[in-house]
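Single-structure report; data block below.
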Amino acid sequence: MTGAPVITIDGPSGAGKGTIAHRLADTLGWHFLDSGALYRVTGQACLIEGVDWGDHAGVTDIARTLDVSFTSAASGEVLVAYKGQDVSRAIRTEEGGRGASTVAAIPSVRTALLQRQREFAKPPGLVADGRDMGTVVFPHAQLKIFLTASASERAERRYKQLIAKGESVSLPRLLEDIEERDARDSQRSVSPLVPAEDAIVVDSSGVPIDEVFARVMGYVADKGLK
Ligand code: DC
């Protein structure tokens with residue numbers, strides 16, 4: 001432990017975690033950990049190195065020695081590189097998401113990435129975005145938020161994002177995918193998606209993002225973190 005304060009933002013995908021966590025880190029001037037990106041890069045590195053996602057020992061070796069870097073572009077966009085090669089786009093595709101969720105279910109991969117995630121906790125502080133930030137990676141975090149939203153609202157948000165990108169998608173199909181993924185994520189044996197006992201659960205269903213942010217900032221102030 002470095003002693004730097006940590007705020008964890010956990011929850012299912014589509015709940016607005018990324019937006020809230022980024023904004024929080026910017027507002028406080030703290031470091032930011034996108035833990036999902038580490039799992040995504042691990043999956044991508046396997047594709048690059050020719051390691052099958054089902055080869056647990058091979059994937060674990062990749063995770064242990066993962067040469068990954070995050071740099072902020074002038075546009076504010078975060079560029080993610082593996083061995084110096086820009087993989088920012090590749091890791092955000094549907095295949096990138098599948099790879100991440102496959103490798104994230106391997107216990108030895110999670111262990112291999114644990115210390116690396118903890119190293120992000122440096123002064124003046126860290127905002128950590130993920131699924132198990134408050135339960136496993138930073139159990140002593142000063143503030144733990146579990147951000148959620150109904151499955152139907154998350155499906156609608158995802159639908160709008162994909163349509164804006166010009167992709168053709170079906171809303172009922174997206175809802176089905178989200179419900180399946182929720183069940184898989186919350187029932188898996190290692191680091192399941194559950195709120196930490198001391199987490200504050202924030203339901204963003206029907207709440208504008210600015211209002212969600214204001215509520216979170218209220219909790220930050222209550223803890224004396226700003
Ligand atoms: O947050 P994201 O969609 O980029 O996460 C990608 C995948 O990684 C997702 O399937 C869940 C998994 N993940 C995880 O198991 N633990 C984390 N702390 C973050 C992400």
Side-chain angles (χ1 to χ4, degrees), residues 6-25 31-47 53-54 56 59-60 62-63 66 68 70 77-80 82 87-121 126-139 141 144-149 151 154-155 157-159 161-162 165 174 177-196 199 204:
V6 176
I7 298 175
T8 59
I9 314 273
D10 287 306
S13 50
K17 259 180 317 142
T19 308
I20 295 293
H22 264 292
R23 207 159 143 185
L24 192 53
H31 300 283
F32 178 69
L33 166 61
D34 175 359
S35 59
L38 286 176
Y39 290 100
R40 287 175 183 268
V41 174
T42 302
Q44 190 64 28
C46 291
L47 291 178
W53 293 333
H56 289 198
V59 181
T60 305
I62 295 264
L66 198 67
V68 59
F70 297 92
E77 193 193 347
V78 176
L79 297 177
V80 186
Y82 170 68
V87 293
S88 318
R89 269 171 183 271
I91 63 169
R92 301 288 165 202
T93 60
E94 290 304 306
E95 187 185 39
R98 255 198 326 278
S101 83
T102 309
V103 302
I106 305 171
S108 51
V109 168
R110 303 199 73 90
T111 307
L113 292 176
L114 194 56
Q115 191 50 35
R116 188 184 289 258
Q117 294 175 81
R118 288 183 175 154
E119 283 163 9
F120 279 77
L126 174 71
V127 178
D129 165 344
R131 305 291 190 288
D132 61 343
M133 298 296 98
T135 48
V136 176
V137 183
F138 300 107
K144 301 179 183 179
I145 303 285
F146 191 86
L147 189 60
T148 186
R154 287 184 284 129
R157 289 178 189 168
R158 182 88 185 122
Y159 179 76
Q161 278 173 355
L162 292 172
K165 277 199 214 165
L174 275 177
D177 282 354
I178 282 185
E179 285 173 338
E180 267 174 33
R181 189 153 17 129
D182 281 356
R184 203 169 49 234
D185 286 351
S186 41
Q187 286 158 20
R188 73 176 174 215
S189 60
V190 299
S191 298
L193 175 65
V194 286
S204 71

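For clarity, every value in this text was computed on a predicted model and none was experimentally measured. Whatever order the structure lists ligands and atoms in, that order sets their numbers, starting from 1.
Counting protein heavy atoms only, atom 4 (O) of ligand 1 is closest to Arg40 NE, 2.7 Å. Looking only at protein heavy atoms, the nearest one to atom 7 (C) of ligand 1 is Ala100 CB, 3.6 Å. Scanning the protein heavy atoms around atom 19 (C) of ligand 1, the nearest turns out to be Ser35 OG, 3.4 Å. Looking only at protein heavy atoms, the nearest one to atom 16 (N) of ligand 1 is Arg110 NH2, 2.9 Å. In this structure, atom 8 (O) of ligand 1 lies nearest to the protein heavy atom Tyr39 CB, 3.8 Å.
In Arg188, the CZ atom is crowded: over 12 heavy atoms of neighbouring residues, nucleotides or ligands sit closer than 6.0 Å.
Using a 4.0 Å cut-off to heavy atoms of Ser101, the atoms of ligand 1 that qualify are 10 (O).
Judged purely by atom type and a 3.5 angstrom limit, Arg110 uses its side chain to pair as donor or acceptor with the backbone of Ala104.
With a 4.5 Å cut-off on side-chain heavy atoms, Arg131 and Lys17 count as touching. Using a 4.5 Å heavy-atom cutoff, the side chains of Leu193 and Pro12 are in contact.
For atom 17 (C) of ligand 1, the nearest non-hydrogen atom from the set Arg188, Arg131, Arg181, Lys17 belongs to Arg131. Comparing Gly36, Ala104, Pro12, Gly97 against atom 12 (C) of ligand 1, the shortest heavy-atom distance belongs to Ala104.
Test Ser186, Ser101, Ser13 against Arg181 for side chain to side chain donor-acceptor pair (under 3.5 Å) and you get one pass: Ser13.
At least one heavy atom of Met133 sits closer than 4.0 Å to an atom of ligand 1.
With sequence neighbours left out, the ring pair (Phe, Tyr, Trp, His ring centres under 6.0 Å) criterion links His31 to no other residue.
Contact check on Glu94 versus Arg158 returns a salt bridge, with a Lys/Arg side-chain nitrogen under 4.0 Å from an Asp/Glu carboxylate oxygen.
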